[in-house]
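Okay, structure first, notes after.
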Number of protein chains: 2
Amino acid sequence: MSDDDLPGVSPKRRAILEGAAALFMAEGFGAVSMDAVARTAGVSKATLYAYFSGKDALFAEIIRGNCRRMQAAAPPSFSSHDLPLDRALVEFGEHWLNFLLQPQVRALHRMVIAECGRIPELARAFYEAGPLAVRAWVAGWLAEEVLRGRLRPGTDPDLAAEQFLSLLRGDLFLRATLGLEPQANPEAVSALARQAAAGFLAIYAAIRPLASERMDSSENLHRHES
Amino acid sequence: MSDDDLPGVSPKRRAILEGAAALFMAEGFGAVSMDAVARTAGVSKATLYAYFSGKDALFAEIIRGNCRRMQAAAPPSFSSHDLPLDRALVEFGEHWLNFLLQPQVRALHRMVIAECGRIPELARAFYEAGPLAVRAWVAGWLAEEVLRGRLRPGTDPDLAAEQFLSLLRGDLFLRATLGLEPQANPEAVSALARQAAAGFLAIYAAIRPLASERMDSSENLHRHES
DNA sequence: GTCTATAAATTGATAGAC
DNA sequence: GTCTATCAATTTATAGAC
């Protein structure tokens, strides 16, 4: 069922999948012909149809394959136990935003949105492999932080995760999805992560700084983009 | 330049624009033929091409028209001066979410995302007429609230507006854009607006409640969805 | 301006030889 | 499995009569 990345897979199948993925991401599903797919992969159309029953099936397999890759690539590698909470939040935020703003990930998201009316299953698969999986991971992390006493007791980890991720997306995510953000600006990403972490901690931190300290830390963290 | 909604406009032009808009929103740009557009509008293809030079031009005019309509419909009608700040935030949040989650608005957003690779100008026009205009309006409002002393002095109105709107979008906005939210559930919208307002005030309210009061108000405001 | 009829190209998909 | 050659349908767009 899952052919991708395995060494024993037909090289033509790989060539078709990779070439077609690049075409679909660059021009969109509707604008790509099976003729172009075959030409790009260096095979004939008959061979193409020997591997995939049709254009929709090819598209679906590409989306599913990229969802698996997305699910595997998203979780961060750091352990939050070694860091102060604010540093850990910023670190995670930068990691996640850098992943999310990759052109291929934006292109995948765009394709799923464009075709969600015709093929709703793909939209659900994407949502569960992407946003939902990440939110679950963050919620688990935040639940630990509540137990460790670094977040306010009584915090709902799911809600907190949703709000943190929403703060992280900000307008940058909207613009990137609309193709208005050609390359991810590292400084904008860093600023956004710091702003989101500062906001999140203002809501959920177990120990609130006093008013005077608050102003200081917000001066440090709230550097504005653009 | 702007024909829409004016009474002196050719009825056939209107019929074409409205019919084509419905078709594009229902099936996507690529899946709709000019034949179907002409049939739906009750005109011949020759007439269709007499009004619009091609499929792309027709599409662009539909997007621009809907952007204007979106820009006109988004601002809320209430005056925040009559309400306590938390109520005003929730009220605005519900108003904006209800607007944003309309199927037509989601469909417009989807179409722009789907075609932003081919026609980048449309993505920019959409972003400026929609997200950017709303953020500017909210930033203006929040700047007033800072002056009135209901928000923390030193607050950056633009950043605060971005964060409030991000909290409002939450996961519901993502799901709706992916077509996973068939109809906007009024209770989910209301809950999301209350959660966003509570989070926003925890970051930016001028006067913080004491720890004990904080728990109470968060019990009231943080009702979790689904 | 509006129609009918049609051009000209491209589409997704297949038949049959090897 | 892989190719060449081709089908049948559909596509965008236009010519010419009224």
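What's counted below: heavy atoms across the whole structure, side chains too, no hydrogens, waters or symmetry copies. Below, chain A is the first sequence line, B the second, and so on; all start at residue 1.
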>> Please tell me if B:K12 has a side-chain N or O lying less than 4.0 Å from either OP1 or OP2 of C:dC3.
In response: yes

>> Can you work out whether B:V43 or A:M34 has the more 5'-proximal nearest nucleotide on DNA chain C?
In response: B:V43

> Nearest to the side chain of A:K45, which nucleotide is it out of C:dC3, C:dA13, D:dT4?
Replying inline: C:dA13

>> Measure OH/B:Y51 against C1'/C:dG1 and give the value in whole Å, please.
In response: 7 Å

> Relative to the 5' end of DNA chain C, which residue comes earlier, A:D35 or B:A50, by the nucleotide with the nearest heavy atom?
Replying inline: B:A50

> Which pairs pass salt bridge (charged side-chain N to carboxylate O under 4.0 Å, His left out) with one or both residues in residues 32-42 of chain A, sequence neighbours excluded?
Replying inline: A:D35-A:R39, A:D35-A:K45

>> Measure CD1/A:I16 against C1'/D:dG1 and give the value in whole Å, please.
In response: 11 Å

> Roughly, in whole Å, what's the span from CZ in A:R14 to C1' in D:dG1?
Replying inline: 20 Å

> Are A:Y204 and A:E145 linked by a side-chain donor-acceptor pair shorter than 3.5 Å?
Replying inline: no

>> Test your reading of the model: is there a side-chain donor-acceptor pair from B:E144 to the backbone of B:S80, 3.5 Å cut-off?
In response: no

> For A:R39 and D:dC3, what is the distance between atoms CZ and P respectively, to the nearest whole Å?
Replying inline: 15 Å

>> Just the rounded figure in Å: distance from C1' of C:dC3 to OH of B:Y49.
In response: 16 Å

>> Under a plain distance cut-off of 3.5 Å, with no hydrogens placed, do B:T177 and B:R106 share a side-chain donor-acceptor pair?
In response: yes

>> When you measure from the side-chain N and O atoms of B:S44 to the phosphate of C:dT2, is any distance below 4.0 Å, counting only OP1 and OP2?
In response: no

>> Rounded to whole Å, please give me the gap between CZ in B:F59 and C1' in D:dA13.
In response: 20 Å

> Quick one: are A:D171 and B:Y127 in side-chain contact, heavy atoms under 4.5 Å?
Replying inline: yes

> Atom CZ of A:F52 to atom P of C:dG12: distance rounded to whole Å?
Replying inline: 15 Å

> What does B:S33 touch in the nucleic acid at a heavy-atom separation under 4.0 angstrom: a base, only the sugar-phosphate, or nothing?
Replying inline: sugar-phosphate

>> Is there, by distance only and without an angle test, a donor paired with an acceptor across the side chain of A:K55 and the base of C:dA13 below 3.5 Å?
In response: no

> With a non-hydrogen cut-off below 4.0 angstrom, is A:V32 in contact with a base, only sugar-phosphate, or nothing?
Replying inline: sugar-phosphate

